[in-house]
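For reference, the structure discussed in these notes is given below.
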Amino acid sequence: MKAKEWHERGKQAADPINALADFWRGLNHLYFPLEGADERKKIRKLLIAKVSERNAQTILAENAQGVDVLLAQPVIDMRGNGRNTKPNIDAFNTAGDSLGKLQEVFMVIYQIRCNLEHGQKSPSRERDVLLCKASSPVVANVLEVCI
């Protein structure tokens, strides 16, 4: 399965930006075939279908420092539309369950990934590297649960 291959490749990546990209490719292989056109909805569907509340709680606990980094400051949608991840941070803070919280973390990671893939992240900018470093273990953990 391609998701496993990308997961293994991500584990071997020394660079956090490359690790995130590889882990995301594995995740993309799992959510892409799901019904619908909106990637965010597909990601939520995958998480709901494959990640239990208990697994979500464990993933958030094991990556608490990284999650704090991801939620500390909104990530701007670099396409210039004025959007950012503040609504996801707010939803995380009010979510009553770990799976809901994990979904909101993934919406933040999704924005980081979009900015990265569209050339808006810099491999030399400290915050960009830190965001990728905080994101990649969360994506890797979810990928492990899903495959």
Side-chain angles (χ1 to χ4, degrees), residues 1-34 36-51 55-93 95 98-147:
M1 175 185 261
K2 290 178 187 170
K4 281 186 178 183
E5 291 177 82
W6 285 114
H7 181 260
E8 286 304 313
R9 185 179 167 107
K11 288 190 325 187
Q12 295 173 15
D15 178 76
I17 293 173
N18 290 335
L20 175 58
D22 288 340
F23 289 136
W24 195 271
R25 287 178 185 115
L27 188 74
N28 188 65
H29 181 74
L30 299 176
Y31 73 75
F32 178 77
L34 299 177
D38 184 278
E39 273 189 295
R40 287 181 173 90
K41 288 180 183 174
K42 287 182 173 190
I43 294 164
R44 288 183 188 275
K45 273 186 187 182
L46 177 69
L47 293 173
I48 291 166
K50 298 285 188 177
V51 181
N55 283 337
Q57 188 176 30
T58 300
I59 290 166
L60 291 171
E62 288 177 355
N63 296 288
Q65 283 185 303
V67 170
D68 287 347
V69 168
L70 296 170
L71 302 176
Q73 179 181 346
V75 176
I76 297 168
D77 184 331
M78 300 302 288
R79 293 177 294 177
N81 57 22
R83 286 188 270 172
N84 63 40
T85 61
K86 184 171 182 342
N88 302 107
I89 294 168
D90 293 343
F92 174 93
N93 290 326
S98 294
L99 185 54
K101 289 180 180 293
L102 184 63
Q103 289 177 60
E104 298 308 327
V105 168
F106 258 81
M107 295 303 103
V108 173
I109 295 171
Y110 177 75
Q111 188 59 63
I112 293 164
R113 174 247 165 235
C114 287
N115 289 348
L116 175 65
E117 291 302 316
H118 297 289
Q120 301 302 320
K121 292 279 175 214
S122 169
S124 62
R125 184 170 179 238
E126 186 177 337
R127 180 162 188 260
D128 291 345
V129 173
L130 185 61
L131 288 171
C132 290
K133 189 174 183 176
S135 299
S136 60
V138 177
V139 179
N141 289 162
V142 166
L143 197 49
E144 288 165 11
V145 168
C146 292
I147 55 177

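Treat the numbers as computed from the prediction; the structure is a model and nothing was measured.
- For the pair Lys42 and Phe32, the distance from NZ or CZ to the six-membered ring centre is under 6.0 Å and the angle to the ring normal is within 45 degrees.
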Let me have the donor-acceptor pairs involving side chains of residues 13-22, under 3.5 Å, with sequence neighbours excluded, atom names and distances please.
| residue | atom | partner | partner atom | Å |
| --- | --- | --- | --- | --- |
| Asp15 | OD2 | Ile17 | N | 3.0 |
| Asp15 | OD2 | Asn18 | N | 2.9 |
| Asp22 | OD1 | Arg9 | NE | 3.4 |
| Asp22 | OD1 | Arg25 | NH1 | 2.9 |
| Asp22 | OD2 | Arg9 | NE | 3.4 |

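- Remark: the backbone N or O of Ile59 is paired with a side-chain donor or acceptor of Asn63 at under 3.5 angstrom.
- With sequence neighbours excluded, the residues forming a ring pair (Phe, Tyr, Trp, His ring centres under 6.0 Å) with His7 are Phe23, listed by chain and number.
- Separating the CG atom in Leu34 from the CZ atom in Arg44 is a distance of 14.0 Å, to the nearest 0.5 Å.
- Nearest heavy-atom pair, Glu62 versus Asn141, reported as atom, atom and distance to 0.1 Å: OE1-OD1, 3.9 Å.
- Around atom NZ of Lys45, more than 12 heavy atoms belonging to other residues, nucleotides or ligands sit under 6.0 Å away.
- Contact between Ile43 and Met107 at its shortest, heavy atoms only, is CG2-CE, 3.8 Å.
- You'll find the side chain of Leu131 reaches within 4.5 Å of the side chain of Arg127, heavy atoms only.
- With Asn115 contributing its side chain and Ile76 its backbone, the two residues share a donor-acceptor pair below 3.5 Å.
- With rounding to the nearest 0.5 angstrom, the CG atom of Leu71 is 7.0 Å from the CG atom of Asn93.
- Under the 4.5 Å side-chain criterion, counting only non-hydrogen atoms from C-beta, Asn28 is not in contact with Lys2.
- When every heavy atom of Phe92 is checked against every heavy atom of Glu104, the shortest pair comes out as N-CG, 3.7 Å.
- Within the 4.5 Å cutoff, side-chain heavy atoms of Ile112 are placed close to those of Leu70.
- Two residues are said to be in side-chain contact when any heavy atoms from C-beta on lie closer than 4.5 Å; Gln103 and Arg40 fail this criterion.
- The structure places CZ of Arg79 at 6.5 Å from NE2 of His118, a figure rounded to the nearest 0.5 Å.
- Using a 4.5 Å heavy-atom threshold, the side chains of Val142 and Leu102 count as touching.
- Rounding to the nearest 0.5 Å places CG of Leu46 at 6.0 Å from CG of Leu27.
- Inter-residue side-chain proximity for Trp24 and Leu116 is flagged as unmet; no heavy-atom pair is nearer than 4.5 Å.
- Asp77 places none of its side-chain heavy atoms less than 4.5 Å from the side chain of Cys114.
- Lys133 approaches Ser136 most closely through the heavy-atom pair O-OG, 3.7 Å.
- For the pair Gly100 and Ala95, the tightest heavy-atom approach, listed with the atom from each and the gap, is C-CB, 4.1 Å.
- Distance check, rounded to the nearest 0.5 Å: CD1 of Ile109 to CD of Gln111 gives 12.0 Å.
- A salt bridge does not link Lys41 with Asp38: every distance from a Lys NZ or Arg NE/NH1/NH2 to an Asp or Glu carboxylate oxygen is 4.0 Å or more.
- To the nearest 0.5 Å, atom OH of residue Tyr31 and atom CZ of residue Phe106 are 10.0 Å apart.
- Listed for the Thr85 side chain is a donor-acceptor partner under 3.5 Å among the backbone atoms of Val75.
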